[in-house]
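Everything below concerns the one structure shown next.
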Amino acid sequence: MSDTDVRAVPTPRTAPGPVTHADVVVVGAGPAGASTARFLADAGHDVVVIDKATFPRDKVCGDALTPRAVRALQRLGLHKEAEGDVEGWHRQRGLRMYGGKTVLDLPWPELPDWPAHSVTATREIFDHTLVRHAVAGGATLWEGTEVTGPVWLTSSQERVAGVTWRQRRTDGATAEGTVRAPIVIVADGSSSRLGIALGLHRDRSRPMGVAIRAYYDHARRDLDMMEGFLEITSQGRLLPAYGWIFPLDDGTVNVGWGQLDSSHHFKGMSYRGVLEEWVASMPAHWGISPETSLDRTRSASLPMSHNRRPMCRGGALLVGDAAGMVNPFNGEGISYAIEAGEMAAEAADLALARRDDGPLAAYPSAVADQWGGYYRLGIAFTAVMGNPTIMKACRDYGMPQPALMRFVFRFMAHLVDRRSADGIDRIINGLSRAVPAA
Ligand SMILES: Cc1cc2nc3c(=O)[nH]c(=O)nc-3n(C[C@H](O)[C@H](O)[C@H](O)COP(=O)(O)OP(=O)(O)OC[C@H]3O[C@@H](n4cnc5c(N)ncnc54)[C@H](O)[C@@H]3O)c2cc1C
């Protein structure tokens, strides 16, 4: 794949026609949809990608791209961005963990399969880059266009044949139409209205996270580590939660915290209140305070552990948050959205070539084979970590042990070589294979 300078590619404002035909229609142009569209365009397919937003647009996120996500960017062909070599992208060498009285620097491990650095970019920049990359590869983008439902092939509603859309024009009039395509990619995010319209509902027994983030100016100009915190409290009570400070290229930081919505602490909690309490307790010389807030405080959910299944229904494939692909160990969703986008594009490519839905039906097992066992372990992990007593024990007894923390760090960041003989890889692979896929 070529390393296109995506900054040179303007976002087109293509006007959809009343009925359009494509090989694949992709609904949602976040990381899942934009990357699926790019992989499909690279395979020579005629792709229409539709988003209700107009780019660049904000999205609630920690803005962190771990080495796993850096590798996903490399596979997409975004090499300069993956190195942090472009304005708006910031590079880090590891994670600094704070818990109890311990502060521990955990450099990203040097591994054959993974880069040894992370990057950050605001979602305004990140998503815009991916969308333009898809367009540069040949995908057609309709932005400011809302998908309103599936088009079915027959009245039995077993096979999709495209989607309907609605667009509010600049003169205030509303246009509506249809894109007919044999394959539909559902990449419309956590609440996935299209997934629901296809009869695919969220599995409420699977963990769901909720997190809040805000941007701050600060006085720590030399930050070259991401920072994680096991010390989030509400009125002095330790919460089963984690916090972060992620440095950005423009000299600001993304500060946030999250926990599971199944935690009984979740009910009636003021996320903003806890964030403000935490920020007020930070060392004064960090310069992160209510006064340096850039006040873009917003919260959203993190759908974890494949909480919308099956990921394939009658010609439609679910990718990213629509399928609940967030890693339950660390809240990371972007890498998995891109990785699944590549798998979905491969399945669609084969299905189109063979004129057969078989490869689409195999997509869920391809995803489960990649990380299903690991996610199943994550379900057990979230059940345990939702208990503040265990969280306190991890903070007090785990944090002071660097060797243990290095293992936990690699496990939680899912940096494992599948064929390696390294001890840590063997443990993680063994555990992931020992449980059925989620
Ligand atoms: C507070 C918070 C912090 C997080 N931090 C991180 C982090 O640091 N690193 C990380 O890797 N992940 C993080 N995540 C998770 C990450 O944000 C998601 O996993 C990721 O955005 C999933 O990408 P997606 O493309 O599946 O969905 P989205 O990014 O949600 O994109 C979906 C797109 O679909 C569009 N859409 C929706 N409905 C329609 C419709 N009807 N018609 C047309 N378009 C539609 C939306 O406009 C949107 O552009 C965080 C999440 C939260 C809430």
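Keep in mind that this is a model prediction, so the values were computed, not measured.
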Handout entry: Pairing of Asp188 and Lys52 as salt bridge, 4.0 angstrom limit
Key = no
Practice task
Enter the distance from Met405:CE to Asp105:CG here, rounded to the nearest 0.5 Å.
Solution key: 12.0 Å
Fill in the blank from the handout: Partner of Asn254 under side-chain hydrogen bond (donor to acceptor under 3.5 Å, both in side chains), picked from Asp63, Thr122, Thr120, is Asp63
Handout entry: Sidechain N-carboxylate O distance under 4.0 Å for Asp261, Arg206
Key = no
Exercise for the section: Please report the closest heavy-atom contact between Arg96 and Arg220, naming both atoms and the distance. Expected result: NH1-NH2, 4.3 Å
Exercise for the section: Please examine the side chains of Leu318 and Leu200, heavy atoms only from C-beta on, and report whether any two atoms are closer than 4.5 Å. Expected result: yes
Handout entry: Single hit among Trp278, Trp244, Tyr271 for ring pair (Phe, Tyr, Trp, His ring centres under 6.0 Å) with Trp257
Key = Tyr271
Handout entry: Phe329 ring center near Tyr375 ring center (under 6.0 Å)
Key = no
Problem - Backbone N/O of His414 and side chain of Arg68: donor-acceptor pair under 3.5 Å - result: yes
Handout entry: Step-by-step salt bridge (charged side-chain N to carboxylate O under 4.0 Å, His left out) determination, Asp23 to Arg355
Key = CA-CA 11 Å; Asp23 293 339; Arg355 293 173 174 270; over 6 Å; no
Completion exercise
Between Leu198 and Ala316 the two heavy atoms that sit nearest each other are CD1-CB, 3.7 Å
Handout entry: Cationic N near anionic O, under 4.0 Å, Asp85 to Lys80
Key = no
